[in-house]
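Report on one structure; see the data block that follows.
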Amino acid sequence: MKDLIVSILNAAIERSRAAGQLATAPPAAASVEAPKDPAHGDAASNVALVMARGEKKPPRAIAEIIRARLELPPEVAEAAVAGAGFINFRMAPAFWHGELRRAAAEGERFWRPQIGAARKVQVEFLSANPTGPLTVGHGRNAVLGDTLARMHEATGFAVTREYYFNNGGRQMKLLGESVRARYLEELGRPAAMPEDGYQGEYIRDIARAMVQRHGEALADAAGESKTLEIFRAAAEEAIFADIRRTCERLGIRFDVYTNELDLIRGGQVDAVIEGLRARGLIAEYDGALWLKGEPLGLPKDRVLVRSGPGREPTYRTPDIAYHIEKLRRGFDSVIDVFGADHIAEHQGVLAAVKALGHDVAPIHAIIYQFVTLTRGGEKVKMSTRKATYVTLDQLVDEVGADVVRFFFLFRKHDSHLDFDLDLAKRQAPENPVFYVQYAHARLASVFREAEKKGMGLPADRSLIDLAPLSEEEIGLARKLIGLPGVVRGAVESLEPHRVPFYLLELAGDFHRYYNKPSNRIISEQRELSLARLFLARVLMEGITSGLGLLGVSAPDRM
RNA sequence: GCGCCAGUAGCUCAGGUGGAAAGAGCAACGGCCUUCUAAGCCGUGGGUCAGGGGUUCGAAUCCCUUCUGGCGCGCCA
């Protein structure tokens, strides 16, 4: 539609120039947009406003000149000058009929514009270290990342979903020590929980399982590092299994798992250090190796390799290596999803990657703000240390996967997200998930009714005449046909939240339409009923496609 | 102190990458079910877009600045 309008306008401007009424060429900066207010038509051009300066004429006068020279094709019903000098176009019903037919014929392809051209995209998300069950905060990350991946897949990108975790560091060691302490306790032996140890009940569960499996075999040599590695590995395995299970409940899976230890063993981490050293970006003091902050524009030096025995790298160094690795693997776009608390670190990592001669332009960071839970109008206090957090599993138990996914997406990623448990559990219209799903269920119900009355759609929908559709119905179609544009915008701007907000509006338009007695889809008037069923079917398909993009189901009954 | 994010209706938040008279849901009040699902709809009231400058034909949107809130500034990740 946009392209059509632009070409019509440009032709009119050229004719005006030939006639000596205008001096300048059609400006590239001009745009054609769908106005917010439907009263302003289906497409609006600001070309006259943009040309005003060059032409040294008032925008409205320019708009009038152009309008008088317009030659409208049959798809365009009218063009009018309005406001400060906008030229508004209204499309003919036949145009919308055509769009509906195209949607019906093309199916999924229509709703999900193929803009990816098989370009390679990697989405790294969740990346929670396996030290405990996933929390509500992880949930936002997981759903955001998975949905970005789904949207890219749906629009024709080749997507890799990747989970990166640290298994070489201090926290994992602490995890092993915590399990060992519980293990010894289970055997009735003296044991000291490390100072910052993991207190959660799940640690005890893992320890019990180890008693069952190994008996007392690990107790006598409990102080040795070899047994510690056994405890650590067992904990990692058990917790990872738990994380995977939680993800599955939310329809989330990963293609690739990458970990810190592999990068250390593979030599990539050493390569980073050598590369930085060669560029004079390494400092050595206090027994540690530091990344120099000043030449990279960072506020201060950061430790790359710890002091003390073992010379272990900090999490930072493998992270630099990992990002270089991602770029080396040839992704056209690398999307990192992480919480606001990691932002400073990410900037440091990118600075180092850049300093090592890599182009960081393909890397996009999606940084989300924190999640709070509200129950009974009060914030639920959460603390990992005290193990008073609410796990993602508990949240799914309580409200279901569809609601969890929708709520996490129903906010721009850089806004704080307040998850209202009372609202989430309510099976009522104020719950946006049910509001959208209900629209689909109602439509499904209409088709069940139509079947009963022998009014089903013919196998070949293209035979149906859409002329009986009313202006209100064309309005509904216009809204519906906007979905592909919304999807495109959501992918290009990496803002998945646009889709659920759009779906809520669409569902609202439908509910309003449906509730008017005069709009009964199935009636005695066969031609009208068929046209309405056609619209209803395409609407159902659009809603299903939109919800599917979010990983939310479109139920036939509620 | 420095960095990042935010500040829009009583509350929770949208406002495609500058456009026309600021929106939705909730909360409040009043209505609508012999009908394809009332998990729905209709109506009423509600705003100094945090404050102040600037750019522009045009600013909630871009720039500067002040204030307020969140997060970070570990040899944790």
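Chain identifiers are assigned alphabetically (A, B, ...) following the order of the sequence lines, protein sequences preceding nucleic acid strands; residue numbering begins at 1 within each chain.
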Among H323(A), H364(A), H342(A), the one residue meeting side-chain hydrogen bond (donor to acceptor under 3.5 Å, both in side chains) with D336(A):
H323(A)

Under 6.0 Å between the ring centres of F406(A) and F410(A)?
yes

Taking for each residue the nucleotide of RNA chain B bearing the nearest heavy atom, is the 5' side occupied by K412(A) or by S307(A)?
K412(A)

Nearest whole Å is fine: how far is C41(B) P from N519(A) CG?
14 Å

Mind running ring pair (Phe, Tyr, Trp, His ring centres under 6.0 Å) on F338(A) and F125(A) for me, showing each step along the way?
CA-CA 7 Å; F338(A) 53 84; F125(A) 65 104; over 10 Å; no

Aromatic rings Y164(A) and Y322(A): how do their planes relate, parallel, tilted or perpendicular, breaks at 30° and 60°?
parallel

May I have the distance from R375(A) (atom CZ) to C11(B) (atom P), rounded to whole angstrom?
23 Å

Look at all strands and tell whether F447(A) reaches a base, only sugar-phosphate, or nothing, counting heavy atoms closer than 4.0 Å.
nothing

Integer-rounded Å distance: G7(B) P and D418(A) CG:
16 Å

So, is K300(A) close to the G3(B) phosphate, meaning a side-chain N or O under 4.0 Å from OP1 or OP2?
no

Integer angstrom distance from the C1' of A22(B) to that of G46(B):
13 Å

Go through C75(B), G3(B), A38(B) for me and flag the one nearest to the Y438(A) side chain.
A38(B)

Quote, to the nearest angstrom, the C1' distance that separates U55(B) from G19(B).
16 Å

The nucleotide from C71(B), G19(B), A20(B) with an atom nearest the side chain of N88(A) is A20(B)

Quantified in whole Å, what is the P atom distance between nucleotide C13(B) and nucleotide C71(B)?
15 Å

Distance, C1' atom - from A39(B) to C26(B), rounded to whole angstrom:
16 Å

May I ask you to test the V446(A)-L533(A) pair for a side-chain heavy-atom distance under 4.5 Å?
yes

Using Watson-Crick or G-U wobble geometry with both distances under 3.5 Å, which nucleotide pairs with C29(B)?
G43(B)

Sticking with atom P, work out how far A21(B) lies from U68(B), rounded to a whole angstrom.
35 Å

What's the closest nucleotide to the side chain of F434(A) if the choices are A39(B), A20(B), A6(B)?
A39(B)

Stacking of H40(A) on A20(B) base (centres under 5.5 Å, planes under 30°):
yes

By nearest nucleotide on RNA chain B, pick out whichever of F370(A) and F410(A) is the more 5' one.
F410(A)

Can you check the distance between G69(B) and G53(B), where both ends of the measurement are the P atom (answer in whole Å)?
24 Å

Within this structure, what is the CZ-to-P distance between R411(A) and A6(B), rounded to whole angstrom?
15 Å

Nearest to the side chain of V446(A) - G19(B), C13(B), C36(B)?
C36(B)

OP1 or OP2 of C36(B) less than 4.0 angstrom from a side-chain nitrogen or oxygen of R520(A), does that happen here?
no

Indicate, yes or no, whether a donor-acceptor pair under 3.5 Å links the base of A20(B) to the side chain of N46(A).
no

Can you tell me how far C1' of A27(B) sits from CG of D422(A), to the nearest Å?
14 Å

Could you please spell out the steps behind the side-chain contact (heavy atoms from CB on, under 4.5 Å) verdict for H497(A) and R411(A)?
CA-CA 6 Å; H497(A) 76 278; R411(A) 201 106 312 172; 5.9 Å; no

Are T314(A) and C76(B) close enough that a side-chain N or O sits under 4.0 Å from OP1 or OP2?
no

Would you kindly say whether N519(A) and E472(A) are connected by a side-chain donor-acceptor distance under 3.5 Å?
yes

Rounded to whole angstrom units, what separation is found between the CD atom of E505(A) and the P atom of A24(B)?
10 Å

Among the nucleotides A20(B), G16(B), C36(B), whichever has the atom closest to the side chain of R498(A) is G16(B)

In whole angstrom, give me the gap between the P atoms of G7(B) and A50(B).
7 Å

H413(A) NE2 to A6(B) P: how many Å, rounded?
9 Å

Hunt down the Watson-Crick or G-U wobble partner of C2(B), both distances under 3.5 Å, from any strand shown, or write none.
G72(B)

In the structure shown, which nucleotide is the Watson-Crick or G-U wobble counterpart of G19(B), with both distances under 3.5 Å?
C57(B)

What interatomic distance, in whole Å, is found between P of U61(B) and the corresponding atom of G16(B)?
12 Å

With a 4.0 Å cutoff (strictly under), does any side-chain N or O of R442(A) reach OP1 or OP2 of A38(B)?
yes

With the stacking rule set at 5.5 Å and 30°, tell me whether F86(A) counts as stacking on G19(B).
no

Torsion-based syn/anti label for C26(B), 90° from 0 as limit:
anti

Selection from A20(B), A14(B), C41(B) that lies nearest to any side-chain heavy atom of A44(A)
A20(B)

Counting heavy atoms from C-beta on, name the nucleotide in C4(B), C36(B), C42(B) closest to the side chain of R512(A).
C42(B)

Taking O4'-C1'-N9-C4 for purines and O4'-C1'-N1-C2 for pyrimidines, is G16(B) syn (within 90° of 0) or anti?
syn

Select one nucleotide: of A6(B), C41(B), A14(B), the one nearest the side-chain heavy atoms of H497(A).
A14(B)

Now, which nucleotide makes the Watson-Crick or G-U wobble pair with U35(B), with each of the two distances under 3.5 Å?
none

How would you label the contact of R302(A) with the nucleic acid (heavy atoms, under 4.0 Å): base, sugar-phosphate, or nothing?
nothing

I want to check one thing: is the phosphate of G74(B), taken as OP1 and OP2, less than 4.0 Å away from some side-chain N or O of R316(A)?
no

Answer yes or no: does a side-chain N or O of Y435(A) lie under 4.0 Å from OP1 or OP2 of C41(B)?
yes

H346(A) side chain near C4(B) phosphate (N/O to OP1/OP2, under 4.0 Å)
no

Can you tell me how the ring of Y514(A) sits relative to the ring of F510(A), calling it parallel under 30°, perpendicular over 60° and tilted otherwise?
tilted

Distance in angstrom units between E177(A) CD and C76(B) P, rounded:
13 Å

Plane angle bin for W290(A) and Y285(A) - parallel if under 30°, tilted between 30 and 60°, otherwise perpendicular:
parallel

Among C76(B), G70(B), A20(B), which is the nearest nucleotide to the side chain of Q171(A)?
C76(B)

If pairing means Watson-Crick or G-U wobble with both distances under 3.5 Å, then the partner of A14(B) is none

Main-chain N/O of V303(A) paired to T314(A) side chain as donor or acceptor, under 3.5 Å:
yes

Tell me which nucleotide among G70(B), G19(B), C75(B) gets nearest to the side chain of L49(A).
G19(B)

